[in-house]
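Below you'll find the structure, written out as structure tokens, and then a few comments.
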Amino acid sequence: ISGIYHPGDALANLSQAEGPGKAYSSAELFAILNQGFHDYQGDIEQGQLIYQAALCATCHRMRGEGGNIGPDLTQLHSRFGGYEMVIAIFSPHDQISDQYANTRFDLNDGSQVTGKLISETDEQYLVQPNPYDATQITRLAKVDVQTTARSPFSPMPPGLLNRLNESEIRD
């Protein structure tokens, strides 16, 4: 149907990784990073394609393009080196900004709800459990919530480098 937005369209049109990738261990990743990575200038055009292929652009903006689920990465290079950036992608749960952290709600019935806390009143919490669908909001009555805590898991999924070969990780 023409003119209707389909959420999968943006993903279908992204660049694809050349690969083959694999489930990198931290030791393998450190070996890749230590093989001339600090002196490597990279290929800007290839890096832009890899940024899309690794799905970064679905959640992060760069130069005004991309998603807005995670932080804008336009000036990231002024705060972090390439080595730190790759480590953050490899292990996103290590450091989670308060601005992007999810909240875990433990309910009286033993279940849990985790998501972004949108708002809170005296009676309820409004939670967005799915960062890709802002229309999906869960209302939790405070009387049904036993405890709340910051989630130890980043909304950014681990394993995003696993689609990439070693050269693509460097780019």
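Quantities reported herein were computed from a predicted structural model and do not represent experimental measurements. Residue numbers count from 1 along this sequence.
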Using side chain to side chain donor-acceptor pair (under 3.5 Å), reason through Ser167 and Asn165 one step at a time and then give a plain yes or no. CA-CA 6 Å; Ser167 176; Asn165 63 38; 4.6 Å; no

Take Glu84 and Arg79 through the test salt bridge (charged side-chain N to carboxylate O under 4.0 Å, His left out) and record every step on the way to the result. CA-CA 10 Å; Glu84 292 85 6; Arg79 294 181 51 215; over 6 Å; no

- Task: Determine, stepwise, if the pair Lys142 / Glu120 fulfils salt bridge (charged side-chain N to carboxylate O under 4.0 Å, His left out).
- Result: CA-CA 9 Å; Lys142 284 192 170 180; Glu120 176 182 354; 2.6 Å; yes

| query | So Gln146 and Leu107, side-chain contact (heavy atoms from CB on, under 4.5 Å) or not? Walk me through it. | reply | CA-CA 5 Å; Gln146 189 173 54; Leu107 305 182; over 6 Å; no

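The shortest distance between side-chain heavy atoms of Lys116 and Pro131 does not fall below 4.5 Å. In this structure, the side chains of Ile169 and Tyr24 come closer than 4.5 Å at one or more pairs of heavy atoms. For the pair Ile118 and Val127, the minimum side-chain heavy-atom distance is 4.5 Å or more. Here the side chains of Cys59 and Tyr132 are in contact, with some heavy-atom distance below 4.5 Å. Looking only at side-chain heavy atoms (C-beta outward), His60 and Pro71 come within less than 4.5 Å of each other. Side chains of Ile87 and Leu29 form a contact here, defined as non-hydrogen atoms less than 4.5 Å apart. For the pair Ser26 and Phe90, the minimum side-chain heavy-atom distance is below 4.5 Å. Counting heavy atoms from C-beta outward, Val145 and Asn108 have side chains that stay 4.5 Å or more apart.
Both Ile32 and Ile89 belong to a single network of hydrophobic side chains, linked directly or stepwise wherever heavy atoms of I, L, V, M, F, W or Y lie under 4.5 Å apart. Clustering ILVMFWY residues whenever any of their side-chain heavy atoms sit less than 4.5 angstrom apart, transitively, puts Leu140 in the very cluster that holds Leu117. Placement of Leu73 and Leu161 in two distinct hydrophobic clusters is found when ILVMFWY residues are connected by side-chain heavy-atom separations under 4.5 Å, directly or transitively. If you chain together hydrophobic residues whose side chains sit under 4.5 Å apart, Phe80 and Val86 never meet in one group.
In this structure, CD1 on Ile50 lies 11.0 Å from CG on Leu55, to the nearest 0.5 angstrom. Taking CD from Gln112 and OG1 from Thr147, the interatomic distance works out to 8.0 Å, rounded to the nearest 0.5 Å. With values rounded to the nearest 0.5 angstrom, Ser154 atom OG is found 11.0 Å from Gln95 atom CD. Remark: Asp106 CG to Thr114 OG1 distance equals 8.0 Å, nearest 0.5 Å. With values rounded to the nearest 0.5 angstrom, Asn68 atom CG is found 11.0 Å from Thr58 atom OG1. The structure places CE of Met156 at 6.5 Å from SG of Cys56, a figure rounded to the nearest 0.5 Å.
Salt bridge present: Lys22 and Glu28 bring a charged side-chain N and a carboxylate O closer than 4.0 Å.
Note: Tyr125 and Phe105 meet the aromatic proximity criterion, with ring centroids under 6.0 Å apart.
Atom OH of Tyr51 has more than 12 heavy atoms from other residues, nucleotides or ligands within 6.0 Å.
Here the side chain of Ser91 pairs no donor or acceptor atom with the backbone of Ala88 at under 3.5 angstrom.
When all heavy atoms of Thr138 and Pro129 are compared, the closest pair comes out as OG1-CG, 3.6 Å.
Asp109 and Ser111 share a donor-acceptor pair across their side chains, judged by distance under 3.5 Å alone.
Residue Arg150 forms a side-chain hydrogen bond (donor to acceptor under 3.5 Å, both in side chains) with just one option from Asn102, Thr103, Asp98, and that option is Asp98.
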